Amino acid sequence: MDLDSLNDAQRAAVTAPDGYHLVIAGAGTGKTRTLVHRVAWLLETGTPAPGIVLLTFTRRASREMLDRVASLVGSRAHGVRGGTFHSFAQATLRRHAPKVGYPRNFTILDRGDAESLMNLVRGELGLASRDRRFPKKGTLLDLASKQVNTGRSLEDLVNDAYPRYAEDLADITRCVERFAERKRAQGVMDFDDLLVLLARLLREDDEARAQIAGAARHVLVDEYQDVNRLQAEIAAFLSVVHGNLMVVGDEAQSIYAFRGAAVRHILDFPSLFPEARKTVLEDNYRSIQPVLDLANGVLEASTEGYDKSLRAVGTGDGPRPWLVDVADEHDQAEGLIRAVVGLREQGFGLDRQAVLFRSSFHANRVEVSLAEADIPFKKFGGTRFVEAAHIKDVVALLRLLVNPRDVLAWLRVLPWMPGVGAKTAATWADRLIGMDTPRIEAADHKGKRHHGDTVDLVHFLEAGRSHLADPSAAVDDALAFYVPRLQDLYEDAKRRVKDLQTLHLLAERAVDLESMLAELALDPVEERQEQEGTDDEEEVLTLSTVHSAKGLEWDVVHVLQLGDGAFPSGFALGDEADMEEERRLFYVAVTRARRRLLLWRPRFFRAGWGHGATVGGDCALLDELEHLDDLVDTARPVWTRPEGRVAPTAGDGGERERLSRLLGYFQKT
């Protein structure tokens, strides 16, 4: 294996001896390259492939890394256990399910299914009355999820995020507990259960830990700054037998606290493992130095983190970032369009530019202006394939083949039968999951004459269970049963039939039906979201939230709506912990740019629903940077205003006093 292509810091991480190792990888410093070479190095130095566990946050990242490992060491890469925390957990729990009180053929609930089950629980407990203000299913599920992922009590979470429900704490607790009971009774798990049960198994079962952790000779974790408490616990306990754990991440890019991620895990790694080695990657291969100078300024403004300073390697020279002051959101949209078009004329095509923003609604005015200017664009992130109703229908059929006690699947399928409404379906489902061998005929204890649709469903279930090891055949059977009914279920049946073909492609790649359903639930396929009138050959401008842009890069990046109340968020102002996350979010936005960076600062804008206008153009994220004038070129827009619009002027200086008086009056009235 050739290590000459690595820099000194990368080589030190790749060839590190056994033990605990923290790799701090600044933005654009070759984190993936380092991990790939580390896995290849372990294989070349004698570690068997199944003894290497590589945990990532997306299946795509895992697949790409393992493909690159194979390009370095060939077939020796086959057998490395790479995947997301959730996929690793479900594969492990299949072998140890009885120890955690589950059958090995458990099925996995996606977010929508979990909400449906929580709604059933609300109804069972008599808490779904319209006469009472009580948390909705999504809120209850969020509380249950945050409880297990953060380790905080329900009482703390309710008081912190939903104080209006403080008096309902006892009933909220009942809902969460009944939800857990129903999942166990039905042999289903949600995403959180996968992590909770694996962590519990590793923590409490000596025999299981010896088997699971004993087989993991080297554990590597990507994007460690994004782990939550359970994921950090799993990684740590997987390493207890052999003592080999390498985590790679950048605390300055920890921006998912709202999902339960905690930056403390990467910051506390040296104190948890005092013997750990630390390597810092600072050579940046993505951006020009003026962009990195601004990023380093943001790092210096942070109150916690590891010392690092990004330096450009092989990216050439370029201009400093532009800080563009505009009057309002309308001017911001106008100026952005002219800047995008002007940069395109300089050789930066639309597909090489991105517009980033703190919150999705910050781009509303820009979207309208782009449409009016006939500039093709797409908003980053498409509709989740498995959330489409017709896909969920077929998946429900397949889930019944794997787990006949999956009550949510029954509740989705049974109402397709003539004469079976929601109430009858619920009654039948309760009877079905209580049978040793669920049979629809037996569920109808009144002996009603079965309709042809019901008989067809019985035949599908009987024949389909012989195809558990052949997912393609199972999908064929499900579609043969389902497609003739599609016209009755949806008006746009013709369009939906095309989507169903994707299930065939997934089935062809799956080992068995169980793994196919797990893959769909854990790492759903994304459906491309295209603007009308665009095609694969046409340049398309990317619009994206900063959260969705993490891990991506463009030649030109525009960052919108920089101002207190928008970016940073008004909810973060005055709270240092929240402001730290805003700084990290700004750092991520800045480091997406390779060649050009434009920062847009409107003087007036909507800070958010109910916040009205923000006045003054202050932005704490910029104001706190030392020597800002040395880091950016400040400019006012140079485009010509359309006729009929009057450019704002500085005024006579009495603006603030008059505005304060008017706001005070109208707020009173």
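The residues of the chain are indexed from 1 along the displayed sequence. Values in this document were obtained by computation on a predicted structure and should not be read as measured data.
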(request) Please report the closest heavy-atom contact between Ala363 and Leu560, naming both atoms and the distance. (result) CA-CD1, 4.5 Å
(message) Nearest 0.5 angstrom please: Leu194 CG to Ile234 CD1, how far?
(response) 9.0 Å
(request) Identify whether NZ of Lys or CZ of Arg in Arg259 sits under 6.0 Å from the centre of the six-membered ring of Tyr256 and within 45° of that ring's axis. (result) yes
(request) Check side chain to side chain donor-acceptor pair (under 3.5 Å) between Glu582 and all other residues, then give those that pass, not counting sequence neighbours. (result) Arg358
(request) Report the residues that fulfil side chain to side chain donor-acceptor pair (under 3.5 Å) with His265, sequence neighbours left out, ordered by chain and then residue number. (result) none
(request) Nearest 0.5 Å please: distance from the CD atom of Glu581 over to the OG atom of Ser569. (result) 10.5 Å
(request) With rounding to the nearest 0.5 Å, note down the distance linking CD1 in Ile108 to CZ in Phe191. (result) 7.5 Å
(request) Could you tell me whether the side chain of Thr56 and the main chain of Ala61 form a donor-acceptor pair under 3.5 Å? (result) no
(request) Find the distance between OG1 (Thr591) and CD (Glu553) and round it off to the nearest 0.5 Å. (result) 9.5 Å
(request) Write down the atom of Ser239, the atom of Leu245, and the distance for their closest heavy-atom approach. (result) CB-CB, 3.8 Å
(request) Examine the side chains of Asp192 and Ser145 and answer whether a donor and an acceptor come within less than 3.5 Å of each other. (result) yes
(request) Using a strict cut-off of less than 4.0 Å between a Lys/Arg side-chain nitrogen and an Asp/Glu carboxylate oxygen, indicate whether Glu177 and Arg174 qualify as a salt bridge. (result) no
(request) Heavy atoms only: give me the nearest Ala276-Phe269 pair and the separation to one decimal. (result) CB-CE2, 3.8 Å
(message) So does Ser271 get a backbone contact from the side chain of Asp268, meaning a donor-acceptor N/O pair under 3.5 Å?
(response) no
(message) Under 6.0 Å from the ring centre and within 45 degrees of the ring axis: does the NZ or CZ of Arg94 meet both conditions for the six-membered ring of Phe106?
(response) yes
(request) May I ask you to decide whether Asp205 forms a salt bridge with Arg200, counting only side-chain N to carboxylate O separations under 4.0 Å? (result) no
(message) Using a 3.5 Å distance criterion without hydrogens, assess whether the side chain of Asp168 forms a donor-acceptor pair with backbone atoms of Phe134.
(response) no
(request) For the residue pair Glu233 and Gln231, confirm or rule out a side-chain donor-acceptor distance under 3.5 Å. (result) no
(message) Do the side chains of Glu624 and Arg583 get close enough for a salt bridge, i.e. N-O under 4.0 angstrom?
(response) yes
(request) Would you please name every residue forming a side-chain contact (heavy atoms from CB on, under 4.5 Å) with Glu167, sequence neighbours left out? (result) none
(message) Can a donor-acceptor pair be found, under 3.5 Å and without considering hydrogens, that links the side chain of Ser359 to the backbone of His362?
(response) no
(request) State plainly whether the residues Arg399 and Asp113 are in salt-bridge range, i.e. N to O under 4.0 Å. (result) yes
(message) With rounding to the nearest 0.5 angstrom, report the CH2 to CZ distance, Trp600 to Phe357.
(response) 15.0 Å
(request) Using the test side chain to side chain donor-acceptor pair (under 3.5 Å), find all partners of Arg95 that sit at least two apart in sequence or belong to another chain. (result) none
(message) Can you list everything that forms a side-chain contact (heavy atoms from CB on, under 4.5 Å) with Leu169? Sequence neighbours excluded, please.
(response) Leu154, Glu155, Val158, Thr173
(request) Give, for atom CD1 of Ile172 and atom CG of Leu143, the distance between the pair rounded to the nearest 0.5 Å. (result) 6.0 Å
(request) Please report the shortest heavy-atom distance between Leu625 and Gly297, naming the atom on each side. (result) CD2-O, 3.4 Å
(message) Heavy-atom count check: over 12 atoms from other residues, nucleotides or ligands less than 6.0 Å from Glu576 CD?
(response) yes
(request) Look only at the side chain of Thr92 and the backbone of Phe88, and say whether a donor-acceptor pair between them is shorter than 3.5 Å. (result) yes
(message) Can you list everything that forms a side chain to side chain donor-acceptor pair (under 3.5 Å) with Arg104? Sequence neighbours excluded, please.
(response) none
